[in-house]
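Chain letters run A, B, ... following the sequence lines, proteins first, then strands; residues in each count from 1.
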Amino acid sequence: MNDTTTINKEQAARREAGALLPPVDVIEDAAGITLYADLPGVSKENLHLHIEADTLNIEAELDLKLPEGMESTHAEVSQPRYRRSFTLSRELDADKVSAEFEQGVLRLRIPKAEHALPRKIAIAVT
Amino acid sequence: MLYRTPFPRDFLSELERLQSEMRQNFDLSPSIRGFARGGFPALNVGSTPQSVEIYAFAPGIDPASIDVQLEKGVLTLAGERKSILPPPDAKATAHIDERFSGRFRRVVSLPDDIDANAVTAKYRDGVLHISIQRQAATLPRRINIQ
């Protein structure tokens, strides 16, 4: 009981703390959707992807390994974490998501469900 | 700023103007090069007694293609990031297009006491980290009293 409340508190604290909104590109083709997100400074271990019901959550923590005693004089990246979520639509197959993460760029591929793939509809002329 | 109307029609652009005005007021030591925010790559600059540290957030770029030059106390980063958007004739639609693509160039003016020969640059997880040592002569030294 106690354990779960501390975990919930931690989660709540993390949610309340500010986060950066990573820029994304979303491209749709006939077979699915590809999402690219810029997450510089994040290592693979600190990237968390969750799909809950129809919501895709991207959360990541920055780890720059700053030298000891460094004083920041100018900061455009001012938060230590990224967060962004998207609502998926029903025709996407959330079970078949694949992800690649390289040089700070996340590439997420969400295929369309079998039944939602495009079909050519024949027009009957009478 | 001179052409402000008492009843702005475009509320959003007015908000944007307010935001940038506030940002300017908070910038305590504006540089002549402006340090334009929102440029690519985003920059963080920090300093230690021994060095000046610059972090450029440039994800998805081949580190070999980034041109880093240090000349007369001015550091220039230049390069190009290719667009991944589908060509117009492809059967694909871009729903969101926020990531930077194209050529970039950013300039940072550095303090006077840096040693232009002691520079290291590392690229990791999409961040280019440039570390420039300060000249040994200008390091704070303790003076012994005889």
For [X], is it the side chain, the backbone, both or neither that has a heavy atom under 4.5 Å from a heavy atom of chain B?
X	result
A/L66	both
A/L47	neither
A/K44	neither
A/V42	backbone

Do you know which of [options] has the most heavy-atom pairs with chain A at a distance under 4.5 angstrom?
options	answer
B/I61, B/V52, B/I96, B/T48	B/I96
B/A42, B/S47, B/A92, B/G60	B/S47
B/G126, B/P86, B/P63	B/G126

Check step by step if side-chain contact (heavy atoms from CB on, under 4.5 Å) holds for B/R124 and A/K65. CA-CA 11 Å; B/R124 187 174 147 260; A/K65 296 198 172 54; 3.0 Å; yes
Does [X] belong to the same Ile/Leu/Val/Met/Phe/Trp/Tyr cluster as [Y], with side-chain heavy atoms less than 4.5 Å apart forming each link?
X	Y	result
A/L35	A/V105	no
B/I130	B/V127	no
A/V24	A/L108	yes
B/F40	B/V68	yes
A/V26	A/Y82	yes

Let me know if B/Y55 has heavy atoms under 4.5 Å from chain A in its side chain, its backbone, both or neither.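 Side chain only.
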For B/I84, which atoms come within 4.5 Å of any heavy atom of chain A: side chain, backbone, both, or neither?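 For B/I84, backbone and side chain are both near chain A.
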Examine distances only and state if a side-chain atom of A/E76 and a backbone atom of B/L43 form a donor-acceptor pair shorter than 3.5 Å.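 Judged by distance alone, yes, a pair lies under 3.5 Å.
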A quick test of your reading: do over 12 heavy atoms of other residues, nucleotides or ligands sit less than 6.0 Å from CD of A/E102?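 Open.
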With a 6.0 Å cut-off (strictly less than), is the heavy-atom count around CZ of B/R105, excluding the residue itself, greater than 12?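 No, CZ of B/R105 has 12 or fewer neighbouring heavy atoms, counting only those of other groups under 6.0 Å.
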Taking 4.5 Å as the heavy-atom cut-off, does anything in residues 84-100 of chain A contact chain B, and if so which residues?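 Heavy-atom contacts from residues 84-100 of chain A to chain B are A/R84, A/F86.
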Beyond-backbone contact of A/Q103 with B/P59, side-chain heavy atoms, under 4.5 angstrom: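 No, too far: nothing below the 4.5 Å cut-off.
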Any idea which of A/G104, A/S43, A/P23, A/P40 has the most non-hydrogen atom pairs under 4.5 angstrom with chain B?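 Between A/G104, A/S43, A/P23, A/P40, the count favours A/P40.
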Mind ranking A/L64, A/T34, A/D29 by heavy-atom pairs under 4.5 Å with chain B and telling me who comes out on top?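 Looking at each option in turn, the highest pair count goes to A/L64.
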Walk me through it: do A/D38 and B/R81 pass the test side-chain contact (heavy atoms from CB on, under 4.5 Å)? CA-CA 12 Å; A/D38 279 352; B/R81 184 155 94 154; 2.7 Å; yes
Stepwise side-chain contact (heavy atoms from CB on, under 4.5 Å) test for A/I27 and B/H95: CA-CA 6 Å; A/I27 295 154; B/H95 293 296; over 6 Å; no
Out of curiosity, B/L85 CG to A/Y36 OH, how far, rounded to the nearest 0.5 Å?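 Rounded to the nearest 0.5 Å, the CG-OH separation comes out at 9.0 Å.
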